[in-house]
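Comments concern the structure below.
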Amino acid sequence: MKVTAKLTKIVICILMIFCLTSCNKRDQAVSVPADNKYITVGFSQVGAESDWRRANTESMKSALSRENGFELIYMDGQQKQTKQIMSVRTFIQQGVDFIVLAPVREDGFSTALQEAKAAGIPVIIVDRMVETENSPFTCFVGSDFRLEGVKVVEWLHAYAEAEGIDEGTLNIVNVQGTVGSSAQLGRGDGLLYGVEKYNWNLLDQQVGDYTQTKGKEVMEAFLNTYPELNVVYCENDNMAFGVIEAIEESGRKVGTDIKSGDILVLSFDGVSETAKNLVKEGKIACIGECNPHHGPRVSAIITSLIENRNVEKLSYVDESVFAFSDIVKKINADGQVYDIVNLGEQKAPEQTSENE
Ligand code: GYE
């Protein structure tokens, strides 16, 4: 027994020495204080407005955990830029090793980012972007929101063609995300590209701030003003949930049969089961997927920076397109072909009788 206890002590000592030397190696590369047991990361999150955001927060928290060697200081911006700027300043005062910022909008962060730069703290921008002029940051990882928009737009065009729907009869309203956020700017741009290319009628665009409640409010107003509307381009799934409620309460039908008077809903994210089930039912016709799992990506970036390895300035994640049926199998967006993932009821394979 005594021998086992001694051996255990020796193993613990070896492990401690190993840990200390590897921490020191990190210290040399990015000036993490030598007595720091963990890499401290201040993360300013946008808020908790959607299922996407909740999944993103979870991904960040689990990747940047103590178990993985991080001390995460998490701050919820409650969708307010002033709160996020305050968080960045607090992180600077606390002398964190890294700042991670998911900016609620693109403009308005330059002073705070210049202050972080002056303090020598690397800033990683996640999910949405900041405007690039005068806003210093180390690198960005997130989505190409315009491309997401173009994919959904190309799906709608291909669907209209496949169904023989005259595109001049498409009367679209846009339920927008938070104004000035990259997701709103990019997806909005994608829609305008489609409207111009295919001569669709864009009736109106109003802000729903990515929440179910506001999405519903905006849709109620649209339904009152535009009886001719037959397509809703909705800049996230949670707003789409509100949109669907509003349509159903108004007595109109949500669905994909535009010629028979259905209102067709398009959306973004595809993170929650609720959203995927709505696609299955045809209540959301198509979703441009938006990937929220940035935690492991951010931790890999931090590791690379610590080890003085090169990191890409801008990295965009791969995303696909979900639809209610396989009537459209592929689309071409910005010169690249994407397969459409059919979430609709799969037809059972045809039975073949053994006696045949
Ligand atoms: O689509 C939406 C959210 O920035 C990608 O923000 C994100 C968007 C996402 O709240 O649901």
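Remember, it's 1-based here, ligands and their atoms both numbered in the order they're listed.
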Those atoms of ligand 1 less than 4.0 Å from some heavy atom in [X]:
| X | result |
| --- | --- |
| Y210 | 2 (C), 10 (O) |
| R187 | 1 (O), 5 (C) |
| S50 | 2 (C), 3 (C), 10 (O), 11 (O) |
| C290 | 5 (C) |

If you measure every N/O of D127 against every N/O of ligand 1, is any gap under 3.5 Å?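 Such a contact does occur with ligand 1.
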Under 3.5 Å between any N/O of R53 and any N/O of ligand 1: does that happen in this structure?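 Yes: some nitrogen or oxygen of R53 is under 3.5 Å from one in ligand 1.
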ILVMFWY network linking [X] to [Y], side-chain heavy atoms under 4.5 angstrom:
| X | Y | value |
| --- | --- | --- |
| I244 | V173 | yes |
| F91 | F43 | no |
| L305 | V126 | yes |

Flag the pair [X] and [Y] as a salt bridge only when some basic side-chain nitrogen lies within less than 4.0 angstrom of an acidic carboxylate oxygen.
| X | Y | answer |
| --- | --- | --- |
| R187 | E235 | no |
| D144 | R146 | no |
| K259 | E163 | no |

Return the option from N291, D269, N236 holding the heavy atom at the smallest distance from atom 1 (O) of ligand 1.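 Answer by nearest heavy atom: D269.
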Can a side-chain donor-acceptor contact be found between T40 and Q94 if the only test is distance below 3.5 angstrom?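 No donor-acceptor contact under 3.5 Å links the two side chains.
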Is it the case that Q45 and D127 place a side-chain donor and acceptor less than 3.5 Å from each other?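 Checked: Q45/D127 side chains show no N/O donor-acceptor pair below 3.5 Å.
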Tell me, which protein residue and heavy-atom name are nearest atom 10 (O) of ligand 1, and how many Å apart are they?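 Atom 10 (O) of ligand 1 sits closest to the protein heavy atom E49 OE2, 2.4 Å.
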How far is atom 6 (O) of ligand 1 from its nearest protein heavy atom, and which residue and atom name does that atom have?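 For atom 6 (O) of ligand 1, the nearest protein heavy atom is R128 NH2, 2.9 Å.
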For S143 and ligand 1, answer yes if some heavy atom of the residue is under 4.0 Å from a ligand atom, otherwise no.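 Distance cut 4.0 Å: S143 fails for ligand 1.
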Close approach of M129 to ligand 1, heavy atoms, under 4.0 angstrom: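 The answer is no: ligand 1 sits nowhere under 4.0 Å from a heavy atom of M129.
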Under 4.0 Å, heavy-atom basis, I'd like to know which part of F145 is in contact with ligand 1: side chain, backbone, both or neither.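 Just the side chain.
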